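Source: prediction; values computed, not measured. Note that these values count all heavy atoms, side chains included, but never hydrogens, waters or copies made by symmetry.
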Amino acid sequence: MGPNEHWDIIVVGGGHAGLEAAWAASGLGARVLMITLRADRIGAMSCNPAIGGLAKGQIVREIDALGGLMGRATDAAGIQFRILNTSRGAAVHGPRAQADKHAYARTTQELIATRDIHILEAQVSGLDVTGNRCTGVRIRQSADTDETLLRSSAVVVTTGTFMSGLMHTGADRTPGGRVGEQSAAHLSSNLKALGFELGRLKTGTPPRLTAGSIDFSNLAPQHGDDPPLPFSEMTDSARFPVLQQVPCHTTHTNPAIHGLIRANLDRAPMYSGQIEAESGPRYCPSIEDKVVRFADRDAHHVFLEPESHESDWVYCNGISTSLPADVQDRIIPLMVGCERAEIVQYGYAVEYDMVRPHQIDATCMTKRFEGLFLAGQINGTSGYEEAAGQGLLAGLNAVRCARGQPLIRLTRDTSYIGVMMDDLVTKTPREPYRMFTSRAEHRIALRADNAPDRLTPLGRELGLVCDDRWARFQQRQQTLGDLHRLFESTAIDSVSLRELARSGRADSQTILGHLNGASVDRRLAAVVFNNCRYESYLIRQQSDIRKMAELETRRIPADFRYDRVRGLRNEAVEVLSRFKPATMGQASRLAGVNPADLTLLAVGLKSASQSGPPSVS
């Protein structure tokens, strides 16, 4: 691997974003180099070893529909599968799996080993830029070696929490992106020198306990679904689940714990001022934040979740903390079942640099440099799933950029990935961005169960979907067609199953129970029921979707001068100039831009297209 060797795509980082970027790019025939600090940590689950959940499960299904690897790896490594939110409609059901963290990492490493993906252990110290294009990276393989330049047609940066990462447990501070690993110390200064605006965020993780030291006899078990449903369309249902399934258990905090936390807030880095990050994750707060923000609560749930069959570590979901070790030693025994629990890893917070995402396009390519793509927590997001969705899109578009092809944007009406990307480029996160079903205005159409029907044809068109997956998809479509006809021709009291589902006069259990005598795929029958159930709602949404599509097709030149549009308010000029929206649709979703501004902008764009720059006020 010499300095004159040229790569199609260089991927910086081996986390969930980096994995999907490398997988997508290599699947399109690109020669990929993945640069990571430690090859044995590729695919590591730094925080909770779980995949999916509310809205996040939809993203995993979308990644799978587009040919990604996260769903396949989860099915191979899952030790508990559950559909969350089943008391509500199918549009907000969330597939989730507790994963064996060692099996998951091993599976991802085995998968990428089947592709033309080369692995290099090194630290990226900077980007190589020629004019307005990124042409490679500079690396150091050890602290005492000189920099080496590696050239490529496009670069995808997926540094996670490692960019100038700093870990905190009480007053103790250690450079690193996760426990036991160094930080990426030089890339931040290089990005700043290249003109990027950086921010600083923080996240945290809870203590881990040994299973053998926990008394589970007084704790409520939380079992998975029976039978469980896989994430991936590529998983053989006859051989699923692969690993032995296990329960989780629940315990809780109490007033004594809350009092102890309040008495030691001055020793918590977030409250002592030791952490410089703007904000932590509001929707997954530390136990210190919970105690302060919800002062009227006497208890908070804590989920004790096994991390692997290969170790006895248990993840304490719900008490993420950066309090000192001695305080954590006093908190844990106060929880029911944990009176004699042994802490094998203390909770800690990590603060890290990110690039404010108004500087990227919804394709994941930066607006400043062609050929440079950012994906994952570097864009201000949280979660494995959000990172993986960005990684897939970045890998796809990196190859398309290298080949001179138009870049791909997923829209808000077609996918949660599209919602996320649009949110990132039209809003600047002051806290780690997390996906929720409430963020998607078309969530009825963006269900977990119909992700293949929405996205696999697009994935096939773009070259992401292999022949085997396409054959399975075609079989799925044939079965769905047969089931739709069965719903039309089968009746209860002279009313077709389709009409019963559409009108809401019968629930899914009643209708699917009526089909028990027929030889049908019950999972796909549920898809047909949901299609019928939401049919009238989807018809009503089409008008809104068409209007949105019209706005998304009205492009705005990257160098458009908003300050030359007659009558445009100063606030709108400032916001539009900062975010540089790619379309009128994106402009319409910017805070600080109102309908009157959009009207003036449309006139300005029309004037510019007809006779050069718009009128100067």
Side-chain angles (χ1 to χ4, degrees), residues 57-58 61-62 64-65 71 75 81-95 224-241 413-415 437 440 442-458 460 469-543 545:
Q58 281 88 328
R61 288 282 290 158
E62 291 175 355
D64 185 70
D75 289 349
F81 293 83
R82 295 176 61 215
I83 305 294
L84 306 184
N85 225 18
T86 53
S87 63
R88 301 182 64 190
V92 293
H93 289 179
D225 293 340
D226 187 17
L229 294 177
F231 273 99
S232 178
E233 296 293 300
M234 299 296 286
T235 296
D236 182 356
S237 58
R239 303 174 63 184
F240 176 81
D413 62 297
T414 60
S415 65
T437 55
H442 303 298
R443 57 186 171 273
I444 288 175
L446 307 183
R447 307 190 311 269
D449 66 357
N450 69 0
D453 312 313
R454 290 186 276 118
L455 294 174
T456 297
L458 175 63
R460 181 66 171 181
R469 183 182 291 275
W470 185 243
R472 292 177 186 231
F473 174 76
Q474 290 178 309
Q475 179 58 55
R476 173 189 171 96
Q477 295 307 293
Q478 181 178 331
T479 303
L480 286 174
D482 292 341
L483 285 166
H484 271 287
R485 287 186 286 274
L486 183 62
F487 270 58
E488 289 275 11
S489 61
T490 305
I492 299 176
D493 296 330
S494 301
V495 182
S496 72
L497 299 186
R498 173 184 174 274
E499 181 56 32
L500 286 170
R502 187 175 183 274
S503 64
R505 290 158 59 187
D507 60 19
S508 61
Q509 289 186 337
T510 299
I511 289 179
L512 297 183
H514 194 74
L515 294 174
N516 274 340
S519 178
V520 299
D521 183 322
R522 291 184 61 82
R523 185 178 187 181
L524 292 185
V527 176
V528 173
F529 171 84
N530 293 328
N531 289 344
C532 296
R533 177 71 185 89
Y534 293 120
E535 181 181 346
S536 58
Y537 299 95
L538 294 172
I539 291 172
R540 289 201 293 269
Q541 281 189 353
Q542 289 307 308
S543 175
I545 291 173

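Residues Leu446 and Ala440 approach most closely at CD1-CB, 4.2 Å, considering heavy atoms. Considering every non-hydrogen atom in both Leu483 and Ala525, the closest pair reads CD1-N, 3.6 Å. Among all heavy-atom pairs drawn from Leu500 and Ser503, the shortest one is O-OG, 3.3 Å. Residues Phe487 and Leu515 share a closest heavy-atom pair of CE1-CD1, 3.7 Å. Taking all atoms of both residues into account, the shortest heavy-atom contact from Ala526 to Asp449 is O-OD2, 4.2 Å. Minimum interatomic distance between Ala451 and Ala65 (heavy atoms only, all atoms of both residues): O-CB, 3.5 Å.
Within the 4.5 Å cutoff, no side-chain heavy atoms of Ile511 are placed close to those of His514. Side-chain atoms of Leu497 and Phe529, non-hydrogen and from C-beta on, never get closer than 4.5 Å to each other. The shortest side-chain heavy-atom distance between Pro457 and Phe473 falls under the 4.5 Å cut-off. Between Phe231 and Asp75, some side-chain heavy-atom pair lies under the 4.5 Å cut-off. Side-chain contact between Arg498 and Glu535 is present, with heavy atoms from C-beta onward closer than 4.5 Å. In this structure, Thr414 and Arg454 have side chains that are not in contact, with every pair of non-hydrogen atoms separated by 4.5 Å or more. At least one side-chain heavy atom of Gln477 sits less than 4.5 Å from a side-chain heavy atom of Asp453. At least one side-chain heavy atom of Pro228 sits under 4.5 Å from a side-chain heavy atom of Phe240.
If you check the side chains of Asp507 and Thr510, you find a donor sitting under 3.5 Å from an acceptor. Using a 3.5 Å distance cut-off with no hydrogens or angles, the side chains of Asn531 and Arg447 do pair a donor with an acceptor. With 3.5 Å as the limit, one finds no donor-acceptor pair spanning the side chains of Asn450 and Asn530.
Note that the CG atom of Leu524 and the CD atom of Gln475 stand 9.5 Å from one another [nearest 0.5 Å]. Here Ser415 contributes atom OG and Gln58 contributes atom CD; the two are 11.5 Å apart, rounded to the nearest 0.5 Å. Going from atom CG of Asp226 over to atom CZ of Arg82 covers 13.5 Å, rounded to the nearest 0.5 Å. Taking OG of Ser87 as the start and NE2 of His93 as the end, the distance is 7.5 Å to the nearest 0.5 Å. In this structure, CG in Leu538 is found 11.0 Å from CZ in Arg533, a value given to the nearest 0.5 Å.
Between Arg476 and Asp521, none of the side-chain N atoms (NZ, or NE/NH1/NH2) sits under 4.0 Å from a carboxylate O, so this pair counts as no salt bridge.
With respect to Glu233, the side chain to side chain donor-acceptor pair (under 3.5 Å) criterion is satisfied by exactly one of Arg472, Arg61, Arg469: Arg61.
In this structure, Arg540 is positioned above the aromatic face of Tyr537, its NZ or CZ under 6.0 Å from the six-membered ring centre and within 45° of the axis.
The environment of Arg523 atom CZ is dense: over 12 non-hydrogen atoms of other residues, nucleotides or ligands sit within 6.0 angstrom.
A donor-acceptor pair under 3.5 Å is formed between the side chain of Arg522 and the backbone N or O of Leu512.
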